Amino acid sequence: MRFSHLLIPTLRDDPGEAETVSHRLMLRAGMIRKVAAGIYTFLPVGLRIIRKIEQIVREEMNRAGAQEVLMPIASPAELWRETGRWEYYGKELLRFKDRHERDFCLGPTHEEVITDLFRREVRSYRQLPINFYQIQTKFRDEIRPRFGLMRGREFIMKDAYSFDRTESAARISYQKMYDAYTRIFTRCGLTFRAVEADTGLIGGTSSHEFMVLADTGEETIVYTDEGGYSANVERAELLPEADPGDGQDQEALQAVPTPGMSTVEQVTSFLKIPPQRLVKTLLYRAGQETVAVLVRGDHEVNPIKVARLLGAVEAALAPPETVTALTGAPVGFAGPVGLKGVRIIADHAVRHVRNMVVGANKADTHYLNANLDRDFPPPQFADLRNAKAGDPSPRGDGSLKVAKGIEVGHVFMLGTKYSQAMNAHFLDPQGQEQLAVMGCYGIGVSRTAAAAIEQNHDAKGIIWPVPIAPFHVQLMPLSQSATVLHLAEQLHDSLSAAGVEVLWDDRDERAGVKFNDADLLGVPYHLLIGDKSLAQGLVEWKSRRTGQTVKIPPDQVLAHAQRHLQS
RNA sequence: CGGGGCGUAGCGCAGCCCGGUAGCGCACUGCGUUCGGGACGCAGGGGUCGGAGGUUCAAAUCCUCUCGCCCCGACCA
């Protein structure tokens with residue numbers, strides 16, 4: 001492909017709107033252009049990358065036995081009302097009316113539409129298991145779209161939905177998708193990790209997220225070196241630890257003034273104690289109930305765990321008025337001692353804190369040396385906090401480490417949530433109606449492209465992994481001399497004929513311009529043809545990643561290319 | 001939704017405080033010279049200064065309203 005036949009509007013300057021590496025580089029390399037907040041046009045080079053990823057996804061989905069369909073982007077409100085999500089989904093669901101005033105939305109995901117298809121068309125257990133997938137544009141009206149393709153409002157997603165006879169059969173479908181995802185991200189040339197994820201309200205038994213590891217990732221994961229355990233921090237289970245048994249004596253409870261000191265940092269540095277000795281008391285609103293949650297000063301409450309313990313949909317910090325009403329003190333001075341009229345729950349780690357510092361439920365006052373049993377009744381203990389580096393693994397295989405990741409895939413056991421809401425049945429061998437057991441599986445295709453850049457770039461630009469690179473080789477004639485141009489054309493033709501994807505920079509630009517654009521674009525191999533080396537009958541093959549250059553005769557280029565592209 | 005910032009040529013920006021009819025670099029067009037890591041010269045094209053209203057003899061500049069975009073945050077006591 002000739003460079004001059006594609007619109008590749010590279011930019012010399014960083015666009016002011018982009019902060020993130022992938023966003024900046026995709027704009028500069030002329031791969032995407034913004035149309036509105038979180039909404040982008042893919043230009044030819046950007047689209048080629050998307051197509052590459054899609055192709056890998058498609059091959060692996062097909063191999064795993066899923067069948068491709070294409071559902072509409074617009075879907076009618078009735079389907080969403082059946083599952084309650086028309087109300088539940090909130091503002092992220094972009095709604096509109098057609099000319100007859102009928103309610104529609106742009107699909108943010110397609111459980112409703114696919115379940116509707118299933119219940120209309122699939123009758124018998126003989127047709128199961130069945131798994132449908134599509135690669136399609138999704139729309140989610142995010143609160144704050146950001147980072148270019150990383151969190152767009154419109155994005156390209158592969159979504160798949162499996163239907164099985166039983167829970168155990170569904171687990172097999174789930175495992176097939178899990179394995180397919182592992183192959184997909186491996187084939188894309190990405191460094192990633194599958195982590196246990198929260199199943200949230202949807203319930204079900206399993207959920208895994210596939211995280212591309214990158215320091216710029218929005219998600220935090222914990223893992224052990226041996227790979228025995230890895231999970232999203234939100235999800236990571238923490239077992240109760242044994243009492244370190246330092247045998248400290250309980251000292252007398254004592255109120256101390258802590259004027260204006262409402263944060264852990266302020267109180268601990270004022271009292272000159274380590275944060276582990278402070279126990280903070282946070283009031284959470286979960287459903288109809290308000291609870292006081294105790295965690296150690298160096299720990300963070302995990303609201304998802306709080307909600308799960310209480311059987312609520314979600315838990316959020318109570319507003320300041322509630323805090324004042326219940327504790328009689330402004331925010332920052334709540335504590336378990338003498339706290340009335342509210343249930344208290346505590347993280348396991350609190351059990352072993354002796355002589356703790358806690359709020360005194362009085363403005364500008366904390367207690368020193370508060371102790372369980374003696375000063376306040378023992379609360380219910382549970383795992384209520386986020387994991388942090390150094391915590392013991394729940395599998396007992398060492399301690400947890402922390403890393404940042406970008407969520408590019410998510411597999412999910414749904415159970416019968418949707419089949420029940422929408423009456424999606426099949427007939428079992430006994431002729432009885434049974435609810436289909438479902439799973440759903442998503443891959444952010446456009447986000448995968450962005451994640452690949454976050455993981456593979458240097459100061460000069462992108463460095464694509466070969467399998468998802470827009471081209472394999474960028475061919476650069478460095479002068480306009482007839483021999484150089486002639487050889488460039490010959491090499492372009494012979495490589496292309498052999499299936500090597502060549503971007504031939506046929507522009508009449510200076511060498512420096514071509515080099516810089518090539519580095520920006522990130523095509524993995526550069527083939528340089530210049531008068532200098534050609535004088536010795538050689539051309540240069542250069543690796544974008546390592547910068548390593550070898551000089552080879554033109555008739556060996558094809559073999560050389562094939563050798564590099566295979567690995 | 002709260003806070004901050006920004007809309008002036010395709011991109012990056014100056015001009016705005018202190019009103020006087022728009023400028024710089026890159027990109028783009030033509031010609032010439034150049035040609036292995038973002039060349040140079042000469043000559044050009046391109047902007048109703050996000051939009052609407054107001055003040056004024058005069059508005060990119062002052063005032064009001066509006067639209068769009070970016071960043072941070074959305075409450076860890």
Side-chain angles (χ1 to χ4, degrees), chain A residues 7 9-20 23-24 27-28 30 33-39 90-91 143-148 258 260-268 275 278-285 292-303 306 315-324 326-327 329-336 339 347 357-366 384-386 388 460-461 476-481 484 505 507-520 526 528-535 539-540 542 547 549 551:
Chain A
L7 180 63
T10 57
L11 302 174
R12 291 196 180 199
D13 300 313
D14 280 335
E17 69 184 58
E19 297 288 322
T20 317
H23 188 194
R24 204 181 70 225
L27 285 168
R28 276 197 61 197
R33 284 295 183 261
K34 186 178 66 184
V35 177
I39 299 176
K91 289 197 165 177
I143 300 178
R144 177 144 93 89
R146 58 182 119 181
F147 309 146
T258 48
M261 312 214 172
S262 58
T263 66
V264 170
E265 158 66 15
Q266 288 165 345
V267 173
T268 55
L278 186 137
V279 169
K280 52 188 178 183
T281 306
L282 276 8
L283 292 173
Y284 271 85
R285 183 88 188 150
V293 182
L294 307 185
V295 295
R296 231 164 62 182
D298 59 327
H299 289 156
E300 286 180 3
V301 171
N302 179 329
V306 172
L317 281 167
E321 310 86 77
T322 309
V323 175
T324 309
L326 282 167
T327 67
V331 166
F333 300 94
L339 187 59
D347 179 66
V357 171
V358 296
N361 298 319
K362 186 175 159 196
D364 300 332
T365 312
H366 280 78
L384 296 175
R385 67 178 175 97
N386 283 337
K388 58 186 258 188
K460 293 178 167 212
M476 286 176 270
L478 300 179
S479 83
Q480 296 296 311
S481 79
V484 164
D505 193 343
R507 297 175 300 171
D508 182 8
E509 287 286 356
R510 301 169 68 83
V513 172
K514 293 186 180 184
F515 291 148
N516 282 303
D517 274 348
D519 289 341
L520 185 58
H526 298 171
L528 312 183
I529 306 172
D531 292 309
K532 264 194 204 166
S533 11
L534 207 52
V539 298
E540 291 159 62
K542 182 178 176 185
T549 305
K551 297 191 178 188

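Note on naming: letters A, B, ... go to the chains in the order of the sequence lines (proteins, then strands), and numbering restarts at 1 for each one. The structure displayed is predicted, hence computed values, not measured ones.
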Asker: Which whole-number value in Å describes the distance from Met261(A) CE to C76(B) P?
Answerer: 18 Å
Asker: Using the C1' atom as the point on both nucleotides, what is the distance between G50(B) and A9(B), in whole Å?
Answerer: 14 Å
Asker: Identify whether any heavy atom of Arg385(A) sits under 4.0 Å from a base atom; if not, whether one sits that close to sugar-phosphate; answer base, sugar-phosphate or nothing.
Answerer: nothing
Asker: Indicate, yes or no, whether a donor-acceptor pair under 3.5 Å links the base of G7(B) to the side chain of Glu17(A).
Answerer: no
Asker: Rounded at 0.5 Å granularity, tell me how far NZ in Lys362(A) sits from OG1 in Thr258(A).
Answerer: 10.5 Å
Asker: Within the 4.0 Å heavy-atom criterion, would you say Gln266(A) contacts the bases, only the backbone, or no part of the nucleic acid?
Answerer: nothing
Asker: If you look at every strand shown and take non-hydrogen atoms under 4.0 Å, does Lys34(A) touch a base, only sugar-phosphate, or nothing?
Answerer: sugar-phosphate
Asker: Under 4.0 angstrom, heavy atoms only, what part of the nucleic acid is Val323(A) near: base, sugar-phosphate, or nothing?
Answerer: base
Asker: Need one value for Gly16(A): base, sugar-phosphate or nothing, where a base atom within 4.0 Å counts as base even if backbone is also close, heavy atoms only.
Answerer: sugar-phosphate
Asker: I'd like the C1' distance from G25(B) over to G15(B), given in whole Å.
Answerer: 15 Å
Asker: Could you please name the option among G36(B), C28(B), C1(B) that lies closest to any side-chain atom of Ile143(A)?
Answerer: C1(B)
Asker: Output the single nucleotide from G38(B), C70(B), G37(B) whose closest atom is nearest the side chain of Lys460(A).
Answerer: G37(B)
Asker: Which atom pair, heavy atoms only, marks the closest approach of Ala315(A) to Val306(A)?
Answerer: CB-CG1, 3.9 Å
Asker: Do other residues, nucleotides or ligands put more than 12 heavy atoms under 6.0 Å from Glu265(A) CD?
Answerer: no
Asker: Specify the separation, in whole Å, of atom NZ of Lys551(A) and atom P of G36(B).
Answerer: 14 Å
Asker: Looking at Thr324(A) and Thr322(A), would you say the former's side chain and the latter's main chain have a donor-acceptor pair under 3.5 Å?
Answerer: no
Asker: Provide the distance between the two C1' atoms, one in C16(B) and one in C11(B), to the nearest whole Å.
Answerer: 22 Å
Asker: Of all the heavy-atom pairs spanning Leu384(A) and Asp347(A), show the shortest one and how long it is.
Answerer: N-OD1, 3.0 Å
Asker: Choosing from G37(B), C76(B), C70(B), which nucleotide comes nearest the side chain of Phe515(A)?
Answerer: G37(B)
Asker: Tell me the partner of C24(B), counting only Watson-Crick (N1-N3 plus N6-O4 or O6-N4) or G-U wobble (N1-O2 and O6-N3) with both under 3.5 Å; none if nothing fits.
Answerer: G12(B)
Asker: For Asp14(A) and C13(B), give me the distance from atom CG to atom C1', rounded to whole Å.
Answerer: 14 Å
Asker: Please tell me which of the listed nucleotides, C69(B), G36(B), C11(B), lies nearest to the side chain of Leu11(A)?
Answerer: C11(B)
Asker: So, is Arg144(A) close to the C72(B) phosphate, meaning a side-chain N or O under 4.0 Å from OP1 or OP2?
Answerer: yes
Asker: Could you give the distance separating C6(B) and C13(B) at their P atoms, to the nearest angstrom?
Answerer: 12 Å
Asker: Base, sugar-phosphate, or nothing: which does Lys91(A) touch, judged by heavy atoms less than 4.0 Å apart?
Answerer: nothing
Asker: Given the P atoms of C28(B) and A74(B), what is the spacing between them in whole Å?
Answerer: 44 Å
Asker: Can you tell me the distance, in whole Å, between the CG atom of Asp13(A) and the C1' atom of C24(B)?
Answerer: 13 Å
Asker: So what does Thr263(A) hit on the nucleic acid, given a heavy-atom distance under 4.0 Å: a base, only sugar-phosphate, or nothing?
Answerer: sugar-phosphate
Asker: Mind calculating the distance between CZ (Arg146(A)) and C1' (C72(B)) to the nearest angstrom?
Answerer: 9 Å
Asker: If we call it a pair only when both distances are under 3.5 Å in a Watson-Crick or G-U wobble match, what pairs with U34(B)?
Answerer: none
Asker: Does the base of G37(B) carry an N or O that pairs as donor and acceptor with the side chain of Lys532(A) under 3.5 Å?
Answerer: no
Asker: If I pick the C1' atom on G19(B) and the same atom on C62(B), what distance separates them, to the nearest angstrom?
Answerer: 8 Å
Asker: Closer to the 5' end of RNA chain B via nearest nucleotide, is it Gly148(A) or Tyr284(A)?
Answerer: Gly148(A)
Asker: Can you check the Ile529(A) CD1 to C35(B) P distance for me, whole Å?
Answerer: 20 Å
Asker: Given atom NE2 of His23(A) and atom P of C70(B), what is their separation to the nearest angstrom?
Answerer: 8 Å
Asker: I'd like to know if Arg12(A) reaches the base of G37(B) with its side chain, counting only an N/O donor and acceptor under 3.5 Å.
Answerer: no
Asker: Could you check whether any side-chain N or O of Lys280(A) sits under 3.5 Å from a backbone N or O of Glu300(A), counting only pairs where one atom can act as donor and the other as acceptor?
Answerer: no
Asker: I'd like to know if Ser533(A) reaches the base of G36(B) with its side chain, counting only an N/O donor and acceptor under 3.5 Å.
Answerer: yes
Asker: Looking at Arg510(A), does any N or O in its side chain come under 4.0 Å of the phosphate oxygens OP1/OP2 on A39(B)?
Answerer: yes
Asker: Using a 4.0 Å heavy-atom cut-off across all strands, classify Ala334(A) as base, sugar-phosphate, or nothing.
Answerer: nothing
Asker: Is there a Watson-Crick or G-U wobble partner for A43(B) with both distances under 3.5 Å, and which nucleotide is it?
Answerer: U29(B)
Asker: Strictly by Watson-Crick or wobble contacts shorter than 3.5 Å, is anything paired with G2(B), and which nucleotide is it?
Answerer: C72(B)
Asker: Which of these nucleotides, C76(B), G38(B), G12(B), is closest to any side-chain atom of Asn516(A)?
Answerer: G38(B)
Asker: Without decimals, in angstroms, what is the distance between Phe147(A) CZ and C72(B) P?
Answerer: 5 Å
Asker: To the nearest 0.5 angstrom, please state how far the CZ atom of Arg28(A) sits from the CZ atom of Arg12(A).
Answerer: 10.0 Å
Asker: Who is the Watson-Crick or G-U wobble partner of G53(B), with both distances under 3.5 Å?
Answerer: C63(B)
Asker: Expressed as a whole number of Å, how far does the P atom of G44(B) sit from that of G68(B)?
Answerer: 42 Å
Asker: Expressed as a whole number of Å, how far does the P atom of G30(B) sit from that of C70(B)?
Answerer: 36 Å
Asker: Is there a donor-acceptor pair under 3.5 Å between the side chain of Lys551(A) and the backbone N or O of Ser533(A)?
Answerer: no
Asker: Check whether Lys388(A) reaches the backbone of Asp298(A) with its side chain - one donor and one acceptor, N or O, closer than 3.5 Å.
Answerer: yes
Asker: Does the base of G37(B) carry an N or O that pairs as donor and acceptor with the side chain of Asp519(A) under 3.5 Å?
Answerer: yes
Asker: Taking the nucleotide of RNA chain B with the nearest heavy atom to each, does Leu478(A) or Pro15(A) sit closer to the 5' end?
Answerer: Pro15(A)
